[in-house]
Novice: 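Quick one: this structure, given as structure tokens, is what I'll be asking you about.
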Protein chains: 2
Amino acid sequence: MVDAFHDAETVMAHLRALRQELLTTSMEPASDQARSGLTAPQIGLIRSLVVEGSATVTELARRLSLSHSTTSGIVDRLQARGLVSREVDASDRRYTRVRVTEPVQNYTREISQGPYARLTCALAEASPVERKAVLDGLETLRALLAR
Amino acid sequence: MVDAFHDAETVMAHLRALRQELLTTSMEPASDQARSGLTAPQIGLIRSLVVEGSATVTELARRLSLSHSTTSGIVDRLQARGLVSREVDASDRRYTRVRVTEPVQNYTREISQGPYARLTCALAEASPVERKAVLDGLETLRALLAR
DNA sequence: CCTAGATCCGTCGCATACGACGCGTCGTGC
DNA sequence: GCACGACGCGTCGTATGCGACGGATCTAGG
């Protein structure tokens, strides 16, 4: 039991540090993201629209594992910049389809290597054993919490 | 290298989901935290003060792996509730020592099993192999990013 | 003594992130 | 037809989280 407590602290410290490195500090200097002034969540949302197609706000929230209100706020700011658009569905007026505007559609293909360049590079240089350890660890942790 | 890209998406999805489950939704129904109305970061800060002793704002930020401004904000809200106090150091007036107020000092000992009860329980029920997988995975991921 | 640098702190603006609430819209049952 | 629940959406209030800035304070060098 004492070990579990200590391990919990260790896990939380790891997760906090990872979050900082990947979600907020994920933008490398002189990268596309830094130049465009977009944040990681914003790029993730645009990428989802380009790769998986346009969707409603609730669908986007599900894709990004975010709440509906958070997603709505991100769409707000992207819409204010003219990067995405909202259109009310004609057949069912409850739905609002979110689309990427045309100029972005093309540009995004170039940077579509993803907002997680830092993480992607790190994983590319990792050995198969290391990669497996990372994925197994995260899957195991989530499985433990789901019990 | 396409694999690295796919793995990066998987890792990010895991981290997002874990963050939601542990950092924000970590408060179980009818737990001490839910009753007190405190958030996980707030409890973590108080716990650090009780377990590791009073400290300055910068020291607290280092302990919690947070930025100084974020930590200052958390202290602000705890101070507004009368749970912690700020005292200017007499010898060096630049420093502000943050302390837990007396009523909290005693109460906190009871709930000092940690704000991560959910995670602690999950780890306690995990097999040694599972625990090792979790810790190895997180350590490997951080080592990869530090390269 | 006193200027320069270093250090700590608080604050600001912004972007996430959540739950709760209310509004409009669609289907269903009466 | 029509009330009523279900659903999607936007908004509000609040908390976290960051970088950047400026103010106050100590310390070292002249």
Side-chain angles (χ1 to χ4, degrees), chain A residues 12 15-27 29 33-34 36-46 55-62 64-81 83-84 86-98 115, chain B residues 12 15-27 29 33-34 36-46 55-62 64-81 83-84 86-98 115:
Chain A
M12 290 307 298
L15 287 179
R16 264 195 296 257
L18 286 170
R19 171 186 161 72
Q20 273 180 269
E21 289 204 62
L22 295 178
L23 286 184
T24 65
T25 323
S26 74
M27 29 196 70
Q33 306 125 49
S36 63
L38 295 176
T39 65
Q42 290 173 355
I43 294 179
L45 192 146
I46 290 179
T56 67
V57 175
T58 299
E59 167 64 15
L60 276 172
R62 196 191 59 75
L64 302 175
S65 296
L66 293 175
S67 80
H68 135 79
S69 59
T70 299
T71 309
S72 183
I74 296 175
V75 172
D76 281 348
R77 286 176 284 274
L78 289 176
Q79 188 178 18
R81 294 194 189 203
L83 302 182
V84 303
R86 279 180 161 106
E87 302 170 32
V88 177
D89 189 334
S91 64
D92 190 336
R93 298 174 57 84
R94 287 176 299 183
Y95 288 71
T96 305
R97 292 207 73 77
V98 181
Chain B
M12 289 309 298
L15 287 179
R16 263 194 297 257
L18 286 171
R19 170 185 163 73
Q20 271 180 267
E21 289 204 62
L22 296 178
L23 287 185
T24 66
T25 322
S26 73
M27 28 196 72
Q33 306 123 50
S36 63
L38 295 176
T39 65
Q42 290 172 355
I43 294 179
L45 192 146
I46 290 180
T56 66
V57 175
T58 299
E59 167 64 14
L60 277 172
R62 196 190 59 76
L64 302 175
S65 297
L66 293 176
S67 80
H68 142 77
S69 59
T70 298
T71 309
S72 184
I74 296 174
V75 172
D76 281 350
R77 288 178 282 273
L78 288 177
Q79 189 179 16
R81 294 193 187 203
L83 302 181
V84 303
R86 279 183 162 103
E87 303 170 30
V88 177
D89 190 334
S91 63
D92 189 336
R93 299 173 56 85
R94 287 175 301 182
Y95 288 70
T96 304
R97 291 207 74 77
V98 182

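Each chain gets a letter, A, B and so on, in the order the sequences are listed, and its residues count up from 1.
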Novice: Under 3.5 Å, is there a donor-acceptor pair between the side chain of B:Gln42 and the main chain of B:Thr39?
Specialist: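 Flag set: sc B:Gln42 to bb B:Thr39 pair under 3.5 Å.
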Novice: Rounding to a whole Å, what distance do you find between B:Ile74:CD1 and C:dA17:C1'?
Specialist: 14 Å
Novice: If only side-chain N and O atoms count, and only distance matters, is there a donor-acceptor pair under 3.5 Å linking B:Ser67 with B:Ser69?
Specialist: yes
Novice: Send over the distance from B:Leu66 CG to C:dT16 C1', rounded to a whole Å.
Specialist: 15 Å
Novice: Can you measure B:Leu78 atom CG to D:dT14 atom P for me and round it to whole angstrom units?
Specialist: 16 Å
Novice: How many Å lie between CG on A:Asp76 and C1' on C:dC14, as a whole number?
Specialist: 14 Å
Novice: Name the nucleic acid region contacted by A:Arg86, choosing base, sugar-phosphate or nothing; use a 4.0 angstrom heavy-atom cut-off, strictly under.
Specialist: sugar-phosphate
Novice: Any chance you could lay out the side-chain contact (heavy atoms from CB on, under 4.5 Å) test for B:Val75 and B:Thr96, step after step, and finish with the verdict?
Specialist: CA-CA 11 Å; B:Val75 172; B:Thr96 304; over 6 Å; no
Novice: If the cut-off is 4.0 Å, is A:Ser72 near the phosphate of D:dG10, judged by side-chain N/O to OP1 or OP2?
Specialist: yes
Novice: Collect all protein-nucleotide pairs involving nucleotides 20-28 of chain D in which both atoms are nitrogen or oxygen and the distance is under 3.5 Å.
Specialist:
residue, atom, partner, partner atom, Å
D:dC26, OP1, B:Arg93, N, 2.8

Novice: Taking OP1 and OP2 of C:dC9, is either one under 4.0 Å from a side-chain nitrogen or oxygen of B:Thr56?
Specialist: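 Result: yes.
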Novice: For a quick test of reading the model: is some side-chain N or O of A:Thr58 closer than 4.0 Å to OP1 or OP2 of D:dC9?
Specialist: yes
Novice: Which pair of heavy atoms, one from A:Val88 and one from A:Arg93, lies closest together, and at what distance?
Specialist: CG1-O, 3.7 Å
Novice: Closest heavy-atom contact between B:Val57 and B:Ser72?
Specialist: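 Taking every non-hydrogen atom into account, CG1-N, 4.1 Å.
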Novice: Using every non-hydrogen atom in the two residues, find where A:Leu64 and A:Gly44 come nearest and quote the distance to one decimal.
Specialist: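 Taking A:Leu64 first and A:Gly44 second, the nearest heavy atoms are CD2-O, 4.1 Å.
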Novice: Is the closest side-chain heavy-atom distance between A:Leu66 and A:Ile74 below 4.5 Å?
Specialist: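 Of all side-chain heavy-atom pairs linking A:Ile74 with A:Leu66, at least one is under 4.5 Å.
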Novice: Expressed in angstrom and rounded to an integer, what is the separation of A:Ile43 atom CD1 from C:dT16 atom C1'?
Specialist: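 Going from CD1 in A:Ile43 over to C1' in C:dT16 covers 15 Å.
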Novice: Compute the bend angle of the helix from C:dC1-D:dG30 to C:dC30-D:dG1 from the end axes (five pairs per end), rounded to 10°.
Specialist: 10°
Novice: Rounded to whole angstroms, how far apart are CG on B:Leu60 and C1' on D:dG17?
Specialist: 16 Å
Novice: What integer distance in Å separates A:Leu38:CG from C:dT16:C1'?
Specialist: 14 Å
Novice: Give me the atom names and distance for the closest heavy-atom approach of A:Leu60 to A:Thr71.
Specialist: CB-CG2, 3.8 Å
Novice: Could you tell me whether the phosphate oxygens of C:dA17, OP1 or OP2, come under 4.0 Å of any side-chain nitrogen or oxygen in A:Thr70?
Specialist: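 No, A:Thr70 has no side-chain N/O under 4.0 Å of OP1/OP2 on C:dA17.
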Novice: Roughly how far apart are B:Leu78 CG and B:Arg86 CZ, rounded to 0.5 Å?
Specialist: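 The CZ atom of B:Arg86 is 9.5 Å from CG of B:Leu78, to the nearest 0.5 Å.
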Novice: If only side-chain N and O atoms of A:Arg77 are considered, is one of them under 4.0 Å from the OP1 or OP2 phosphate oxygen of C:dT16?
Specialist: yes
Novice: Looking at B:Asp92 and B:Arg97, is any side-chain nitrogen of the basic one under 4.0 Å from a carboxylate oxygen of the acidic one?
Specialist: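 Not counted as a salt bridge, because no side-chain N and carboxylate O are separated by less than 4.0 Å.
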Novice: Please report the distance, rounded to the nearest Å, between CD in B:Gln42 and C1' in D:dT16.
Specialist: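 Rounded to whole Å, this separation is 10 Å.
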Novice: Side chain of A:Pro41: nearest nucleotide among D:dG10, C:dT16, C:dG10?
Specialist: C:dT16
